[in-house]
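Counting starts at 1 for both ligands and their atoms, following the listed order.
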Amino acid sequence: MPMLRILHAADFHLDSPFAGLTPEQAQRRRGEQRELLEDLAALARAEQAELVLLPGDLLDGDRFYPETAQALTRALGSIPCPVLLSPGNHDFFSPQSVYAALTWPENVHVFSSGELERFDLPELNCAVWGRAFTAPREDTSPLAGFSAPRDGALHIGCLHGDTTGGTDYAPISPEDMAQSGLTYLALGHIHQYSGLQKAGGTYWAYPGCPQGRGFDETGEKGVLLVDVDEGSVSTRFVPLARRRYEILSVDLTGEESALGAIEAALPPNTQDHIYRILLTGEGETPDLASLERALSGRFYGLTLRDHTRLPRDLWRRREEDTLTGLFLREMQSLCEQEPDNEVYQLAVRFGLAALEGGEDAAL
Ligand SMILES: [Mn+2]
């Protein structure tokens with residue numbers, strides 16, 4: 001057993017509006033977000049975490065559903081170790097915030113000051129330093145001028161902030177971290193797992209969000225188990241998300257069947273996940289509606305997008321002394337100037353169909 005095992009999670013963004021979904025779908029997704037709290041608690045118990053750190057943006061905003069308040073107190077209260085929480089820019093501490101409104105279980109401590117504060121855990125010989133956002137913006141570094149005292153305790157940070165620099169979300173520089181004297185800094189704010197990083201003698205990491213909320217948060221999402229042993233730190237990423245957002249490109253060039261090409265490109269077990277499939281390459285216009293019907297049972301959510309380009313032999317009639325020939329000559333030069341312009345591509349498809357009286361004209 002290491003000297004200290006920490007479970008580090010951030011950016012749950014509970015009660016997100018999910019504006020792109022129907023009200024029923026959005027409600028279901030918010031319910032699934034609450035279930036992540038139970039998964040977090042179960043993981044803390046199974047892995048015998050001694051400390052849980054939640055550096056902010058646990059909620060998406062200052063409004064929350066009563067079910068979420070209940071889920072928070074129930075799940076965090078069921079964790080058999082201290083749970084420390086530093087509010088972030090989305091869930092900043094205020095008298096109206098969920099943090100002031102709720103009666104928290106005894107094992108939960110919420111940092112509520114805009115100043116860096118020390119919270120001692122004598123049974124772990126550990127001191128955790130945290131700070132709350134008290135407004136949606138914060139332009140000072142929580143670690144500016146800070147250096148942990150050398151008093152024999154293990155010093156750990158739990159902060160919402162931005163290491164990418166130049167923002168109003170508590171910018172934290174590598175120099176701040178290097179001179180902090182912290183052994184590990186548990187960060188929140190960036191939604192992508194950072195890997196374990198080091199600045200001077202201080203290890204730091206962002207776990208990312210535990211579950212994606214859209215196609216800008218794709219891939220495996222989860223939390224971090226952090227083992228601190230003799231001043232050295234190791235992390236293990238644990239996937240927590242039951243649903244992932246994934247974007248998959250399928251090149252249809254030379255494929256006889258679009259459906260066959262998509263099926264060949266799919267990984268196994270996609271049924272719990274939300275996919276956007278981009279059809280690329282050169283070929284006839286794929287029939288998105290029938291593809292969607294054929295594939296929808298294999299996904300929790302699926303959207304198909306046609307990014308294919310017209311086949312080259314489509315231009316063969318441009319030498320004809322007809323209206324079609326004239327149209328193709330004009331359009332070919334436009335398409336050559338801007339090969340990725342989808343409007344030109346569509347104009348050719350529909351224009352040709354109209355000139356030839358094909359069924360696409362009805363579109
Ligand atoms: Mn944030």
Tyr193 and Phe237 aromatic centres sub-6.0 Å: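 Here the rings of Phe237 and Tyr193 have centres that are less than 6.0 Å from each other.
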Using the ring centroid of each side chain, check whether Phe133 and His160 are separated by less than 6.0 Å. yes
Quick test of your reading of the model: are Arg118 and Asp151 salt-bridged, counting only N-O distances below 4.0 Å? yes
Does [X] bring an N, O or S atom to under 2.8 Å of the Mn ion (ligand 1)?
X: Asp57; value: yes
X: His189; value: yes
X: Tyr169; value: no

Ring-face cation of Arg213 near Tyr245 (centre distance under 6.0 Å, axis angle within 45°): no
